[in-house]
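See structure below.
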Protein chains: 2
Amino acid sequence: MKVLIVEDEPKLAAFVKKGLEEQSWEVDVAFDGQMGSSLALSNSYDVIVLDVNLPKINGFELANLLRRENLRTPILMLTALGTLNDKISGFDAGADDYLVKPFEFQELIIRLRALQKRNSESGPTSNVLKIADLELDLNERIARRGGNRIELTAKEFGLLEYFIRNKGRVVSRVDIAEKVWDIHFDTGTNTIDVYVNFLRKKIDKEFEHKLIHTVVGMGYIMKEF
Amino acid sequence: MKVLIVEDEPKLAAFVKKGLEEQSWEVDVAFDGQMGSSLALSNSYDVIVLDVNLPKINGFELANLLRRENLRTPILMLTALGTLNDKISGFDAGADDYLVKPFEFQELIIRLRALQKRNSESGPTSNVLKIADLELDLNERIARRGGNRIELTAKEFGLLEYFIRNKGRVVSRVDIAEKVWDIHFDTGTNTIDVYVNFLRKKIDKEFEHKLIHTVVGMGYIMKEF
DNA sequence: TTTAAAAATAAGAATTTTTTCAGAAAAATT
DNA sequence: AATTTTTCTGAAAAAATTCTTATTTTTAAA
């Protein structure tokens with residue numbers, strides 16, 4: 001579990017850092033918004049703790065900025081004010097939770113755990129895409145199903161990634177051609193079908209619950225049942 | 001936005017219900033865990049508000065039960081106690097947020113909005129056409145009626161989509177031929193009639209209230225009664 | 001009530017779509 | 001440069017859908 005704390009008050013920062021490290025979490029501290037922003041964007045944290053009152057860029061602005069940069073990491077805002085307006089601004093800015101200072105350390109931990117847990121369940125922060133018992137590890141570039149490691153070629157991987165990211169939705173062959181092969185015209189060949197077949201052999205064949213389903217006349221869909 | 005409140009104290013339940021309805025949210029109230037569980041599992045709510053102290057099944061148990069049933073709807077726990085232990089149990093049981101009684105109504109709204117927003121971000125946005133208890137899911141490319149999943153071929157799907165989009169209006173065979181088949185002349189066959197028949201077998205046959213009605217000499221109309 | 005037109009249904013032929021296979025071409029690795 | 005791996009192609013087999021035709025049933029008007 002990796003946490004970024006953006007907090008200008010050194011004492012508080014140090015206190016929180018120490019406390020979290022005792023939980024054996026990895027902790028980075030940024031002392032202003034600038035530093036916070038660059039750390040947040042260049043590392044992959046599980047959670048970001050963000051003080052509202054910061055020099056230069058304030059917490060709301062920073063949260064906003066990070067969301068505009070498409071960062072999905074959950075953000076917990078620390079606010080000394082605790083008025084409803086602040087809470088609303090916080091959520092609007094893209095925060096996922098907030099905590100009013102002064103707070104009990106235990107409560108911080110609980111809320112961080114909750115954020116992290118919620119995010120890891122179906123989060124784009126995580127580098128593992130999931131559907132049912134199938135995992136696609138974007139770091140290792142490997143698939144796993146039911147404990148088996150499944151190696152995929154580049155094209156197979158790309159196709160599976162596209163399927164999982166669009167699970168529950170029928171994707172047409174044209175969609176696939178454009179998004180996976182980057183081909184924007186009809187080749188007249190059945191390459192896609194052949195690759196679907198390759199994938200099925202690897203991830204579905206020996207399992208009871210198939211994940212890739214054909215929808216005749218429309219395309220394919222990845223779904224649990 | 002559809003909310004389920006599980007709360008045994010009638011005054012509080014009524015107060016919250018009224019407040020949320022003023023935000024034009026749909027609100028159901030369950031007065032005990034049993035009722036809460038059956039409502040939660042048979043409807044699809046955006047958020048569930050769950051009191052910890054309930055008769056029969058308590059809030060923690062209920063949250064646990066719902067998660068074991070694979071329900072992913074975000075849960076906000078209401079606790080009168082406010083001790084850290086309760087909060088921890090709440091999160092462990094599968095709650096996504098909690099609020100200590102007594103609370104400001106505005107704060108409840110903020111937290112519910114945040115939960116709902118977060119939930120709707122992940123996964124493809126639902127894309128569903130409806131008439132009466134019939135749903136046509138444009139993502140999954142499947143129809144549902146009264147809990148049954150109904151698979152359709154491409155042509156059947158296209159025809160049903162056209163019917164639903166034009167519900168309450170008589171559509172002629174010429175309209176259908178042009179819009180669904182893209183045929184602009186008379187083929188002399190009764191293909192459309194045959195397909196209407198296919199559709200009826202799948203979506204109307206076993207249900208009391210028929211949705212596809214023949215208007216002799218004119219065409220067909222899809223309507224509730 | 002009869003009758004002609006309109007619509008619904010059943011069966012199966014025709015067509016389209018999808019899967020699978022074997023192998024060629026291209027790319028990457030040794 | 002040779003070998004292995006990956007990507008792609010075309011063709012045949014299998015599966016599913018689409019469409020036609022013929023027949024039965026229903027509707028509405030005479």
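Below, read A as the first sequence line, B as the second, and so on, with proteins coming before strands; counting in each chain starts at 1. What's counted below: heavy atoms across the whole structure, side chains too, no hydrogens, waters or symmetry copies.
- For dT17(C), neither phosphate oxygen OP1 nor OP2 lies less than 4.0 angstrom from any side-chain nitrogen or oxygen of Arg173(A).
- Between dT20(C) and Asn197(A), a contact under 4.0 Å exists linking OP1 or OP2 to a side-chain N or O.
- Rounded to an integer number of Å, the gap from OH of Tyr195(A) to P of dT9(D) is 10 Å.
- Put simply, CG on Asp193(B) is 13 Å from C1' on dT20(D), counting in whole angstrom units.
- Checking dT17(D), dA11(D), dA8(C) against the side-chain heavy atoms of Tyr220(B) singles out dA8(C) as nearest.
- At whole-Å resolution of the value, CZ in Arg200(A) and P in dT18(C) are 10 Å apart.
- Side-chain polar atoms of Tyr98(A) and Arg111(A) form no donor-acceptor pair below 3.5 angstrom.
- Here Trp181(A) reaches the OP1 or OP2 of dC8(D): one of its side-chain N or O atoms lies under 4.0 Å away.
- Proximity note for Val216(A) (side chain, C-beta onward) versus dT17(C), dC19(D), dT7(D): the nearest is dT17(C).
- Taking only side-chain atoms of Lys201(B), from C-beta outward, the nucleotide of dC19(D), dT17(D), dA10(C) with the closest atom is dA10(C).
- Checking the phosphate oxygens (OP1, OP2) of dA8(C), a side-chain nitrogen or oxygen of Thr214(B) falls inside 4.0 Å.
- Remark: C1' of dT18(D) and CG of Leu199(B) are 14 Å apart, rounded to the nearest angstrom.
- For Thr191(B) and dT18(D), the shortest distance from a side-chain N or O to OP1 or OP2 is not below 4.0 Å.
- At the heavy-atom level, Val194(A) lies under 4.0 Å from base atoms of the strands shown.
- Residue Asn190(A) places a side-chain atom within donor-acceptor reach of the base of dT20(C), judged by atom type and a 3.5 Å distance cut-off alone.
- dA14(C) is paired with dT17(D) under the criterion used here, namely a Watson-Crick or G-U wobble arrangement in which both key atom distances are under 3.5 Å.
- Of the N and O atoms on the side chains of Asn148(A) and Arg145(A), not one donor lies less than 3.5 Å from an acceptor on the other residue.
- Between the side chain of Asn58(A) and the backbone N or O of Glu61(A), at least one donor-acceptor pair lies under 3.5 Å.
- Both cation-pi conditions hold for Lys2(A) and Tyr45(A): the charged atom is under 6.0 angstrom from the six-membered ring centre and inside a 45 degree cone around its axis.
- Nearest nucleotide to the side chain of Lys155(A), out of dT7(D), dA8(C), dT18(D): dT7(D).
- Between the His213(A) side chain and the Lys223(A) main chain, a donor and an acceptor come within less than 3.5 Å of each other.
- Nucleotide dT19(C) holds its P atom 13 Å from the NZ atom of Lys210(A), rounded to whole Å.
- Using a 4.0 Å heavy-atom distance criterion, Phe198(B) is classed as a base contact.
- Side-chain nitrogen and oxygen atoms of Thr153(A) include at least one within less than 4.0 Å of the OP1 or OP2 phosphate oxygen of dT7(D).
- At the phosphate of dC8(D), neither OP1 nor OP2 sits under 4.0 Å from any side-chain N or O atom of Thr189(A).
- Glu156(A) has its CD atom 18 Å from the P atom of dA27(C), to the nearest Å.
- A cation-pi geometry, defined here as NZ or CZ lying under 6.0 Å from the six-membered ring centre and within 45° of its normal, does not hold between Arg200(A) and Tyr195(A).
- If you take CD1 of Ile192(A) and C1' of dT7(D), they are 13 Å apart, rounded to a whole angstrom.
- Distance, Ile176(B) CD1 to dT18(D) P: 16 Å, rounded to whole Å.
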